[in-house]
Amino acid sequence: MMFEVASWNVNSLKVRLPQVLDWLSKRPATLLGLQELKQVNEAVDIEKIEQAGYRILANGQKTYNGVAWIYPQNWSEPTDVITDIPGFDDPQRRVLAASFGSLRAINLYVVNGEAVGSEKFEYKLAWLNALHDWLASEIAAHEQLVVLGDFNIAPEDRDVHDPQAWAGKVLCSEPERNALEKIIALGLVDSFRLFEQPEQSFSWWDYRAAAFRRNHGLRIDLILLSQTLAKKATAAGIDIEPRQWPRPSDHAPAWVELNQAQPAA
DNA sequence: ATGGTAGTTAAACTA
């Protein structure tokens, strides 16, 4: 009675949909959060997804951003869908919360932030601050909560291939890490660290400079669990195989296995 | 080495 929750920044769903369905074909009972769709909902190839036995709930945007849940066809329809941080005015599609039975699932594409001190960096911190306040109420309301996505923050130095080179830089800087710590301190657990992991485990590698071949990566794709769900986690990891496929996303999928009946299966 | 690559969209923007 297990299922899996996973997170994958696909950097264009149009390009990567075949890879997504290929990846899911080997792990059928999976709730998959996608980021960087780079397409509007109307452009998503729903037929291909349904042929593979899945459904999609999307919050898309043209060219940039966009998030979605892909869930098994035999699950009941998601409810209580939220597509924005409440009260935070933002034209960018970065948030998708939905309930699958008693499972509350929040999918995030956190602002990248460009460079410490930039305008986009200030937007990132404001966004994270608003996220924190919203998640406080979500955690209070839902015992079984998963918050996942591309956080664009490496939580600790062990999540960075060269901590000295990245020290103080965007994705690793203190203000970002503090904001993430504050969110986790609301009562969430980084599922990846519940289990022993290989050193130098990363989820994102720059396309440039042969970064993947040299494992010059960062772990910025996270699956955070509420205390109740953390107790049900039986394994977690990052699957680097799709990063080795032709024409890959620059991110690899992160996953966690939960010892629990599938929502409304 | 302030480079390099990838996606979208049509020269520039974002990552």
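All values reported here derive from a predicted model rather than from experimental measurement. A, B, ... follow the sequence lines: proteins, then strands. Residue 1 opens every chain.
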(request) For nucleotides 10-15 of chain B, just jot down a letter per nucleotide in 5' to 3' order: B, S or -, based on protein non-hydrogen atoms under 4.0 Å. (result) ---BSB
Can you tell me the distance, in whole Å, between the [atom1] atom of [X] and the [atom2] atom of [N]?
| X | N | atom1 | atom2 | value |
| --- | --- | --- | --- | --- |
| Lys169(A) | dT2(B) | NZ | P | 13 Å |
| Arg213(A) | dT5(B) | CZ | P | 13 Å |
| Gln61(A) | dT8(B) | CD | P | 14 Å |
| Gln19(A) | dG7(B) | CD | C1' | 13 Å |
| Arg247(A) | dT8(B) | CZ | C1' | 11 Å |
| Asn11(A) | dT8(B) | CG | C1' | 10 Å |

(request) For the residue pair Leu128(A) and Leu180(A), establish whether any side-chain heavy-atom pair is separated by less than 4.5 Å. (result)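 No; the side chains remain at least 4.5 Å from each other.
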In whole Å, measure the gap between the [atom1] atoms of [N] and [M] for me.
| N | M | atom1 | result |
| --- | --- | --- | --- |
| dG4(B) | dA10(B) | C1' | 23 Å |
| dT9(B) | dT14(B) | P | 14 Å |
| dT8(B) | dG3(B) | P | 25 Å |
| dC13(B) | dA1(B) | P | 28 Å |

(request) Measure the acute angle between the ring planes of His161(A) and His216(A), then classify it against the limits of 30° and 60° as parallel, tilted or perpendicular. (result)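 His161(A) and His216(A): parallel rings.
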(request) Please work out whether the ring planes of Tyr123(A) and Phe88(A) are parallel, tilted or perpendicular, with thresholds of 30° and 60°. (result)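 Rings of Tyr123(A) and Phe88(A): parallel, as their planes differ by under 30°.
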(message) Would you compute the distance between atom SG of Cys172(A) and atom CD of Glu174(A) and round it to the nearest 0.5 angstrom?
(response)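 It is 12.0 Å, given to the nearest 0.5 Å.
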(request) Might you work through the side chain to side chain contact (heavy atoms under 4.5 Å, CB included) test for Tyr64(A) and Gln92(A), ending with a clear yes or no? (result) CA-CA 8 Å; Tyr64(A) 304 116; Gln92(A) 303 191 15; over 6 Å; no
(request) Any chance you could lay out the side-chain hydrogen bond (donor to acceptor under 3.5 Å, both in side chains) test for Asn112(A) and Lys124(A), step after step, and finish with the verdict? (result) CA-CA 7 Å; Asn112(A) 173 283; Lys124(A) 181 178 198 173; 5.9 Å; no
(message) Below the 4.0 Å mark, does dA6(B) have OP1 or OP2 next to a side-chain nitrogen or oxygen of Arg16(A)?
(response)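 Answer is no, no contact under 4.0 Å.
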(request) Give the intermediate values and the outcome of side chain to side chain contact (heavy atoms under 4.5 Å, CB included) for residues Val189(A) and Gln227(A). (result) CA-CA 7 Å; Val189(A) 178; Gln227(A) 307 293 330; 3.9 Å; yes
